[in-house]
Each structure stands twice: as C-alpha cells, then as structure tokens.
Protein chains: 2
Amino acid sequence: MSEVETVRQAFVQLWGSMGHFWGISPTTARIYSWLLSRSEPADTDEIMEGLEMSRGAVSMACRELREWQLIFPEKVSGSRRVAYRPATDLEKVIRNIVEIRKRREWDPILESLREWIPRLESDGSPEAAVFRQRLEDLESLIALTDSIVKVFLRGGVVGKLGLKMLVKAARDDAALDVSSGSGPGAEVKIQPEALRISDIQQHDSLVARAESAYRKALEESS
Amino acid sequence: MSEVETVRQAFVQLWGSMGHFWGISPTTARIYSWLLSRSEPADTDEIMEGLEMSRGAVSMACRELREWQLIFPEKVSGSRRVAYRPATDLEKVIRNIVEIRKRREWDPILESLREWIPRLESDGSPEAAVFRQRLEDLESLIALTDSIVKVFLRGGVVGKLGLKMLVKAARDDAALDVSSGSGPGAEVKIQPEALRISDIQQHDSLVARAESAYRKALEESS
DNA sequence: GCTTAGTTTCAAAAGTTATTGAAATTTCTA
DNA sequence: TAGAAATTTCAATAACTTTTGAAACTAAGC
C-alpha cells in the first residue's frame, strides 16, 4: 500500500469523525474527504469501491454533499455516468458551512436568549434573577463567538487586524513557552491574567488608538 | 405555569440539543442546564421529578458532570442525600471544557495533519502533490482556529487587543448594516474583500505599529 | 419508442446510543 | 452491628440512526 493510500485512509477516518462539526453524517463526510484526497473526480462505482459502501449510501450522501455545494456533478463523456468533483477551496468551503450553520443553528440560539432575558426580568423572584444572570453571561459568551465568526465571514480592515493580533499573540506565547522551557527553573511560567468577557466587550478608546495607528501605517505603505 | 418554568423548559431543551458541542450527551447536558436555571442545588429525587428521568439515568449523568467538574456534590445535613450544585462561572466552565477538548480532540488533529504533510512530500506523484496542498490548506485553517482558542484560554495584552478589535469590527459592521439599510438604495452593501488565511498568518510590521501604539496608550493611562 | 445503463428511493435490516429498573453496593444512623 | 436510606451498576430494553439492496425511476443511445 502506497504512502498516499495510507494517509488517505487515516485522513478519511479523521474527517469522518469530524463530520458532526460540519453538520453532516460521518459517511457523507468520509466521501467528501476521500474525494479531496484525489486529484481527479470520481463516479459512483469508484466511490463504492474506494470506500466499500453500497450504491444507495453513496447516492444519498452525494445528494447531501451537493446540497451543501461540497461536490459538483460532471458528465462523463461517452458514458451515462456522473463523476463528482469536490469543492477544493477549503477556505470558501468552511466559510460557506459556517455561514449556513450560523444562520440556521447558532443565530437562533442568540435570539432565544435575548428573548428570554427580558421575560425573566418581569418575574420578580430571586430564582428568576439568578437564572437571568446566567442567561446574560451565556449571551455574552456566545455574542463574542458570534463577533469572531462574523469577522471571519466578512473581513474588513479592523477585523483583519484583530485576527492578525490573535495570531501574533499565539505565536508570541509559543515563543515564550520555548524560551521559558529551556532554563533550570523551567517549570515556572508567567501566567497572564485570564480574560473576562465583560472586559473584552467594553468600549475602549485605547483600541481606537491602535486602530488609527494601523490605518495611518497602511496609508503610508501604499 | 410560571414564566421561569416556561423559560426553563425551553432553555433545557436548547442546551440539551447543544450537548454534543460540549462533548456530553443530551441528557447530561439537560441536567446541567436544569441545575443552572435554579437558585439552589438539587438532589437526585428533585432532578428525577424535574426532568422526568429514572434514577439510573440521573446517576450516570451526574457522574459524568462531576468528572467534567460541572457539578459539585453537597451533603444534605440530617439526611443521606447528596445535592448537586452546578458550576456557575460560565466563562470558567467554557474555558475548562474548551481546554480539555482542545487537548484531547483538537490538538491531535493538528498533529496528524503535520505528520501527514511531510509524508506526502516524499511521494513524487501528482496525486500526492494535490493531496498535500489540501492538507496544508486545512492545516492553516485549523491553526488559525487554534490561535484564537489559545488566546481565549490564556489571555495577555496582545490577545486582548485582538479580541477587542474583533468585537469592534463586528460592532462597526452591525452599525454599517443599520445605516445602509435606511436609504432608498438599501439593498446595496459594501462587501469588504474576504480574508485569506495566508494573509492573516503573514508577519506584518504594520501590526507591530498598532501594538506599540496600544502599549504606549496603556502606559499613559496608568 | 424501446432498451438499458445508471441512479434514486425507501422499507427492512443492522448498528449504535440512550434509558430503564432492579439487583448490588455504599454509607449513615440508631 | 444491623438495618435501611440512598446511590450505583449493568443487562435488558427501547429509541434512534445508518446502511443495505432491490424495486422504481430517469435519461441517454439506438
């Protein structure tokens, strides 16, 4: 068995177990990843053989993948067969899936929370107050995640700067780990203070300073 | 039925359907959310009645919640009963879960990808090259997500600035949506250019400019 | 229009996960 | 220490999801 085949099998296995993240079944995920691992499209028979599945399972899964626009049918000339070509721009793919799932599944969660919170306000009991506080905390967390996803989906100067900052911070931390791991007191790590959501969400004029410095630098470089 | 009870039922239903995100079963998730909706801890009988479950199901689920440190057992004085108090600092809860799942599930994905990519390099076939490119794209995407999660878990000045930028960007976008939705040409939206991961990951001296402006502003304000 | 290659559909079967309830076990009190 | 309150465990059962394979259907070629 070739190296490609070995990696392919492991990749298909891995992607299959991640299927639930994408909102598709493991089988459907496995077909998509199998197609991704190839340089050419494949028809139903090839998929059946490659993944040892029934024709019916392949058909159902391919229909779902088409609905998600993860595969595209192509006619095989001189034959009645349809070959399936996977969507290969993975950034676009993931954007598409995140966008669809955000709209269908995640946004309704935020909406529900925002509906419930004022309803608990009008009930004056201590239990309602406790419950409401917890829903508010949860709403803050989910709203932060929503912000990150929105920027990922939409782009823009400030969002890009934010993401670059995050990447830099993670990189800086990794470098700090390496340097603090090489001395005699290697177990001692400087642990920054944990972020609080309320702090992150708060309007901050210092952030505006950083933003305008970045914009000025952008102008000067173009 | 009271307003609290109505919202509670909807919340428990919602949280139960989100259980898979946390890596726990719907039943286990429902118990946790039910406990969150109350101002006082509850014992096994109360949970059984409140959620209409068997004693066995409650016992198994509570064991799992304890393992995740989502609930804490408390002795009920004058009785042999144990009451369960939920962890209520939701930021900490989510951090804990994200950290555990990152270590157990998500980090191994990145590791696998980073193992496979060089293996495909030594196979000179066109198919290996195509497959390798796709694995590299995927690795980039997951590494970005990993960066964001790392910052969320660890904090730090640069990470905090990055998150604040993202929140600001999302807020700015929302404001832009509102203002562009109120004119006669309301269907016309300015769509910023989509972010590319390779761009975000690239070292950028302009980001350093923004960062030092922020640090300077921090010093001046303290 | 007929034939047939190829695909889709769906009920039955298979596989997986969740729940139950009673036996087993643990722990506390008198 | 015995008894019983309370919980845990786990095999059986129930519920849910996935897969199969053959009947039904579609579409292309002659």
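The chains referred to below are lettered A, B, ... by the order of the sequence lines, with proteins before strands, and numbering in each begins at 1.
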Any idea which heavy atoms bring B:S37 and A:E127 closest together, and the distance?
-> O-CG, 4.0 Å
Are side-chain heavy atoms of B:D146 and B:W106 found at a separation under 4.5 Å?
-> no
So do B:R38 and B:E46 actually touch side chain to side chain, heavy atoms under 4.5 Å?
-> yes
Please check if atom CD in B:E105 has more than 12 non-hydrogen atoms from other residues, nucleotides or ligands closer than 6.0 Å.
-> yes
Kindly state each residue pair satisfying side chain to side chain donor-acceptor pair (under 3.5 Å) with at least one member in residues 47-63 of chain A, sequence neighbours excluded.
-> A:D45-A:R55
Test: A:R101 cationic atom under 6.0 Å from A:W68 six-membered ring centre, within 45° of axis = no
Produce a footprint string for nucleotides 18-30 of chain D: one letter per nucleotide, 5' end first; B if the base is under 4.0 Å from any protein heavy atom, S if only the sugar-phosphate is, - if neither.
-> SSBB-----BBS-
Does atom CD of B:Q13 have more than 12 heavy-atom neighbours, drawn from other residues, nucleotides or ligands, at distances under 6.0 Å?
-> no
Salt-bridged, A:E99 to A:R95, with N to O below 4.0 Å?
-> no
Along nucleotides 11-17 of chain C, 5' to 3', which nucleotides get a B, which get an S, and which get a -, given that the test is a protein heavy-atom distance under 4.0 Å?
-> -------
Write down the distance between CZ (A:R81) and P (C:dT4), rounded to a whole number of angstrom.
-> 17 Å
Step through the shown structure and confirm whether more than 12 heavy atoms of other residues, nucleotides or ligands are within 6.0 Å of CD on A:Q69.
-> no
Enter the distance from B:D123:CG to A:T6:OG1 here, rounded to the nearest 0.5 Å.
-> 10.0 Å
Please identify each residue that fulfils salt bridge (charged side-chain N to carboxylate O under 4.0 Å, His left out) with B:R114, with sequence neighbours left out.
-> B:E139
Between C:dA18 atom C1' and B:L51 atom CG, what is the distance in whole Å?
-> 15 Å
A:W22 ring center near A:W15 ring center (under 6.0 Å) = yes
Near DNA chain D, which residues from residues 61-70 of chain B have a heavy atom under 4.0 Å away?
-> B:R63, B:R66
Could you check which residues of residues 36-50 of chain A get a heavy atom under 4.0 Å from DNA chain C? Sort them by number, please.
-> A:T44
Heavy-atom distance under 4.5 Å between the side chains of A:L141 and B:L90, does that happen here?
-> yes
